[in-house]
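To keep things clear, I will list the structure first and then write my remarks on it.
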Number of protein chains: 2
Amino acid sequence: MSPIRRLTDAQPTLATVAERAGVSRQTVSNALNNPELLREDTLARVQEVIAELGYTPNRAARQLRTRSSHMIGLRFEPAPEGTSNALMDRFVHTLVEATAKTGHHIVLFSGDPDDPLDGYDELLRATAVDAFVITDTYAGTPQADLLHGVGAPFVTFGRPWEDPSARHPWVDVDGARGGELATEHLIEVGHTRVAWLGWERESRIGEDRRTGWRRALDAAGLDATGLGVRTTDNVDAARMAAHELLEDGRTTGFACVSDTIALGVLHALAERGLRPGADIGVVGFDDSLGAQVTWPGLTSVRQPLEQVAIEIVDLVNTVLSLKAVANPARMLEPTLVVRRSTLRDG
Amino acid sequence: MSPIRRLTDAQPTLATVAERAGVSRQTVSNALNNPELLREDTLARVQEVIAELGYTPNRAARQLRTRSSHMIGLRFEPAPEGTSNALMDRFVHTLVEATAKTGHHIVLFSGDPDDPLDGYDELLRATAVDAFVITDTYAGTPQADLLHGVGAPFVTFGRPWEDPSARHPWVDVDGARGGELATEHLIEVGHTRVAWLGWERESRIGEDRRTGWRRALDAAGLDATGLGVRTTDNVDAARMAAHELLEDGRTTGFACVSDTIALGVLHALAERGLRPGADIGVVGFDDSLGAQVTWPGLTSVRQPLEQVAIEIVDLVNTVLSLKAVANPARMLEPTLVVRRSTLRDG
DNA sequence: ATGAAAGCGCTAACAG
DNA sequence: CTGTTAGCGCTTTCAT
């Protein structure tokens with residue numbers, strides 16, 4: 001353990017350590033950054049003094065000299081109220097852990113919600129961060145253009161929908177595969193009329209997921225006519241849409257673009273006295289808390305957010321090391337978490 | 001707008017601005033930090049050049065000189081899977097926004113989950129942060145002791161349960177009042193046997209909330225015998241506990257220490273064919289996403305997390321300014337969000 | 001009201 | 001392998 005020292009006490013510096021160890025400051029610096037340059041006994045002596053004094057290099061000084069802050073910026077948006085988005089929690093935590101391994105930290109900043117570019121520039125010019133992780137790419141990636149324009153390193157969670165030719169590194173989850181997984185599962189447990197409850201057509205992510213639904217139906221030779229419905233991402237809108245689809249008494253499977261919408265379907269079932277699982281199969285998307293705790297449990301597509309974070313950090317590190325990025329576009333596969341909303345003998 | 005400049009281009013410094021404006025570096029520094037010292041025309045000229053060049057002070061240099069990073073550390077723990085804790089999302093976002101107003105940023109760091117002290121020391125010694133916000137105080141506040149010991153500024157979200165005499169600044173929400181609100185509401189809508197489903201006795205927060213339940217029953221002259229139950233914070237455990245209480249057919253109100261537990265009660269009702277609201281009243285705690293989207297909507301106690309964040313930042317700023325803190329302990333009131341799980345004519 | 005000098009703690013570049 | 005020198009960009013102190 002390091003000795004206890006009040007902040008008001010003088011912090012030990014390189015010079016303190018150097019003097020105490022009887023070497024020059026540069027040698028201490030090397031002991032820290034290029035230990036292989038030192039003779040073994042010198043290294044040992046220096047390290048001993050470092051431990052003894054509880055010395056930690058001053059970040060500001062190092063940052064000023066090396067022009068690298070070891071900070072990574074993340075613009076932090078709040079999850080819109082009523083939306084299943086505790087996702088960020090899993091993602092951000094892994095991000096923090098993964099960056100810590102290389103001595104980096106995550107700096108949160110905010111920005112005008114109406115201006116996706118707000119905040120980036122300032123941190124950059126202040127040389128406060130080395131790179132950015134960008135998560136809100138659903139509305140295009142003007143941030144990417146900005147950062148690319150000034151030559152700042154960044155990685156996005158989300159592919160560049162608007163510009164597939166964009167060459168920046170990104171990590172994303174295959175939403176189409178998710179929709180397909182959901183639909184295949186519903187077909188497998190015996191549903192033949194499987195509806196899709198999606199977001200508005202403007203949502204690239206929503207349309208992507210929907211293509212997976214369509215692909216699965218086609219592969220199984222099932223009819224999709226009249227079964228693809230678009231609605232807004234809230235429980236009530238989804239509830240109404242579900243009621244309409246349930247009118248004919250023939251639609252028994254619901255693949256949904258989000259857990260919120262799937263929960264709306266469950267509400268509709270409750271109102272009609274239909275049993276989730278036994279009568280009607282429902283699958284959500286995101287494996288949010290709601291899916292886990294709702295009654296009777298909602299089958300849902302789960303994104304590998306931890307893996308996304310790890311891949312992103314890997315890409316950030318590669319970019320920062322100025323190495324060419326071998327594989328700058330990484331698509332990860334979602335999985336299906338089965339719960340009772342699709343169990344027929346529930 | 002600032003001019004576009006690639007990172008590889010030389011960033012303008014104080015010297016650049018000074019030369020261009022025909023003043024000394026010191027004058028530019030004053031224009032930034034003590035504008036009232038400059039003559040009006042000088043100030044205007046300097047500001048013009050700053051805007052023209054898109055100059056932003058280098059944080060590292062400033063930090064090295066002033067020994068203040070304008071960074072605030074927050075140890076970021078993941079919400080345990082299956083727990084209603086998207087709370088942090090609301091809290092952290094407001095924290096980020098509020099700190100931004102004074103030019104501060106939030107730095108996330110992680111630590112060994114088994115060591116509540118891990119991570120603090122290092123950031124401190126590296127002079128990477130000016131202060132900490134501590135959120136995980138439910139298991140006592142060893143961090144507070146550590147930071148107090150080294151004289152580092154910090155504010156906790158959560159009162160010092162273990163040591164009420166502790167003098168550090170904190171903000172907390174009155175959990176007892178929350179339990180009381182929940183219980184009063186259930187009594188108001190006509191329930192006379194109101195059970196409490198709480199956490200294990202070891203949880204200070206849980207016991208605090210419970211006292212509010214007891215207070216409300218006593219005030220209404222209702223019997224609490226056999227109605228106070230403790231269980232673990234998961235849906236299934238709560239479901240079982242609810243079944244037991246429902247056996248006698250007399251218990252009709254459930255005040256719960258968390259939304260997770262309240263959702264367990266809703267499961268039990270579903271399994272018994274009882275209607276939430278009409279037959280049995282259920283109130284949760286935290287107004288989590290689950291409470292909002294579950295069917296038929298869960299009445300829940302809501303913590304004013306945004307206000308907590310704002311108060312915390314206010315305290316951090318006060319502490320950092322070295323002013324005496326007038327009111328270092330701030331208790332905020334929760335509110336009740338009524339949904340259909342307590343509406344009798346639902 | 002403005003300027004000159006010094007130095008925060010570190011590492012890059014070079015010399016030995 | 002180790003030491004010396006210089007300077008990153010800023011603010012503090014003191015002089016004008």
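Not measured: the values here are computed from a predicted model. All chains are named by letter (A, B, ...) in the order of the sequence lines, taking the proteins before the strands, and each is independently numbered beginning at 1.
Looking at heavy-atom distances under 4.0 Å, B:Leu37 makes contact with sugar-phosphate atoms alone, never a base. Counting non-hydrogen atoms under 4.0 angstrom, B:Arg25 reaches a base of the nucleic acid. B:Leu38 comes within 4.0 angstrom of sugar-phosphate atoms only, judged by non-hydrogen atoms across all strands, and of no base.
Residue A:Arg39 places none of its side-chain N or O atoms closer than 4.0 Å to OP1 or OP2 of D:dC1. A sub-4.0 Å separation between OP1 or OP2 of D:dT11 and a side-chain N or O of B:Ser29 is present. The side chain of B:Thr13 places no N or O atom within less than 4.0 Å of a non-bridging phosphate oxygen (OP1 or OP2) of D:dG9. The side chain of A:Asn30 contributes no N or O atom lying less than 4.0 Å from OP1 or OP2 of C:dT11. B:Thr27 has a side-chain polar atom (N or O) that falls below the 4.0 Å cut-off from OP1 or OP2 of C:dG3.
Counted within 6.0 Å of CZ on B:Arg20, heavy atoms from surrounding residues, nucleotides or ligands total 12 or fewer; the atom is thus considered open. Counting heavy-atom neighbours within 6.0 Å of B:Glu19 CD, excluding the residue itself, gives a total of 12 or less.
For B:Arg67, the listed nucleotide lying nearest its side chain is C:dG9; candidates were C:dG9, D:dT11, D:dT4. For A:Gln26, the listed nucleotide lying nearest its side chain is D:dG3; candidates were C:dC8, D:dG3, D:dT2.
At a cut-off of 3.5 angstrom, the base of D:dT12 holds no donor-acceptor pair with the side chain of B:Arg65.
No hydrogens or angles considered: nothing links the side chains of A:Arg25 and A:Asn30 as a donor-acceptor pair under 3.5 Å.
With the nearest nucleotide of DNA chain D identified for both B:Asn58 and A:Leu43, A:Leu43 has the one nearer the 5' end. If A:Asn33 and B:Asp41 are placed on DNA chain C by their nearest nucleotide, the residue sitting closer to the 5' end is B:Asp41. Projected onto DNA chain C by closest heavy-atom contact, A:Thr66 and B:Gly22 fall at different nucleotides, the more 5' of which corresponds to B:Gly22.
If you measure from atom CD of B:Gln11 to atom P of D:dG9, you get 9 Å, rounded to the nearest angstrom. Between B:Leu14 atom CG and C:dG3 atom P the separation is 13 Å, expressed in whole Å. Rounded to whole angstrom, the span from the CG atom of A:Asn34 across to the C1' atom of C:dC10 amounts to 14 Å. Atom CD1 of B:Ile50 is separated from atom P of D:dC10 by 10 Å (rounded to the nearest Å). Between the CG atom of B:Leu64 and the P atom of D:dG7 there is a distance of 17 Å, rounded to whole Å. Residue B:Leu32 contributes atom CG, which lies 9 Å from atom P of D:dC10 at whole-angstrom precision. A straight line from CZ of B:Arg62 to P of C:dG9 spans 18 Å, rounded to a whole angstrom. At whole-Å resolution of the value, CZ in B:Arg59 and C1' in C:dC10 are 20 Å apart.
Residue B:Asp172 forms a side chain to side chain donor-acceptor pair (under 3.5 Å) with just one option from B:Arg159, B:Arg330, B:Gln303, and that option is B:Arg159.
In this structure a side-chain-to-backbone donor-acceptor pair under 3.5 Å is present from B:Ser69 to B:Ala128.
Note on ring orientation: taking the six-membered ring where Trp is involved, the planes of B:His70 and B:His104 are parallel (angle under 30°, cut-offs 30° and 60°).
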